[in-house]
Structures are given as C-alpha cells and as structure tokens.
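To start, the structure itself, in structure tokens.
One-based numbering along the sequence shown.
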Amino acid sequence: MELTPEIKALIVEEVLTKPEVLELLGLSRQSMHSHLKRGNIQPFKESGNTQLFFKEDVMKFKETLEENRKLFRPYDEKD
C-alpha cells in the first residue's frame, strides 16, 4: 500500500507521539503515566515503547485539564 502525499500530511497533522502530547499538555512523564493508568487519555496504537494519540482526543483532554486547573488551582492563573 502506497501512501499518498495527502494521507501522509493527514497523519503528520492528526497523529501525535507521547513526547508531543507531553509538550502540548505541559505534563510531566509521571503525570502522563497517571492519566494513562486512570484512563483519562488513551493511545489508539501502542507498539513497544511507542504510543500514538489522535490530536482530537488530546485537545479534548487538554480542555478538561484546563478547566480542572481553573477550579482546583486558581493560584496558577497569570494576569
């Protein structure tokens, strides 16, 4: 199966690796592991140490994280 340039571009845009997710969410590895263990966020593909996530799922989780941070960590807000 040959991947077209359009499919390759879609994959690059919509699929994130674990390090990319960590950076996007601003989480430590320990926090990410905790969220994975609790099922708050799940990779769609795992192979060995590699985990792949859909960008849409990560962005939804990011919204939840930001809402929770506002509720439970109001001192983190910057003016």
Side-chain angles (χ1 to χ4, degrees):
M1 177 177 156
E2 187 174 323
L3 296 177
T4 64
E6 293 83 14
I7 293 175
K8 287 180 183 180
L10 179 68
I11 292 170
V12 168
E13 282 289 317
E14 299 301 325
V15 176
L16 301 172
T17 62
K18 189 174 180 181
E20 291 171 326
V21 172
L22 290 172
E23 183 178 333
L24 183 65
L25 298 179
L27 294 176
S28 66
R29 294 178 71 148
Q30 294 84 0
S31 293
M32 181 70 173
H33 177 73
S34 178
H35 286 295
L36 286 166
K37 192 172 181 179
R38 286 185 268 161
N40 296 336
I41 188 169
Q42 291 297 317
F44 74 89
K45 175 81 175 171
E46 290 185 71
S47 179
N49 291 333
T50 303
Q51 295 174 318
L52 300 176
F53 300 82
F54 284 123
K55 187 175 185 177
E56 182 178 345
D57 295 340
V58 173
M59 296 311 289
K60 286 180 186 176
F61 181 59
K62 183 177 182 179
E63 289 176 16
T64 302
L65 277 178
E66 288 172 353
E67 289 172 12
N68 287 339
R69 285 176 180 155
K70 286 179 186 176
L71 285 174
F72 300 110
R73 296 174 66 174
Y75 50 84
D76 280 353
E77 288 191 25
K78 298 173 182 151
D79 296 323

If you take all heavy atoms of [X] and [Y], which pair is closest and at what distance?
X: S28; Y: L22; result: O-CD2, 3.6 Å
X: F53; Y: M32; result: CZ-CE, 3.6 Å
X: G26; Y: R69; result: O-NH2, 4.1 Å

Using side-chain heavy atoms (C-beta onward) and a distance below 4.5 Å, is [X] in contact with [Y]?
X: H35; Y: V21; result: no
X: T17; Y: T50; result: no
X: L27; Y: L65; result: yes
X: L52; Y: L16; result: no

Taking the inter-plane angle between the rings of F44 and F54 on a 0 to 90° scale, is it parallel (under 30°), tilted (30 to 60°) or perpendicular (over 60°)?
parallel
In this structure, NZ of K18 is separated from CD1 of I41 (nearest 0.5 Å) by 10.5 Å
With sequence neighbours left out, the residues meeting salt bridge (Lys or Arg N to Asp or Glu O under 4.0 Å) with K62 are none
Identify each donor-acceptor pair in which a side-chain atom of residues 1-15 lies under 3.5 Å from a protein atom, sequence neighbours left out, and give them as a table.
from : atom 1 : to : atom 2 : distance (Å)
T4   : OG1    : E6 : OE1    : 3.3
T4   : OG1    : I7 : N      : 3.2

Q | R38, CZ atom: more than 12 neighbouring heavy atoms under 6.0 Å | A | yes
Salt bridge (charged side-chain N to carboxylate O under 4.0 Å, His left out) pairs touching residues 45-58, sequence neighbours excluded, are E56-K60
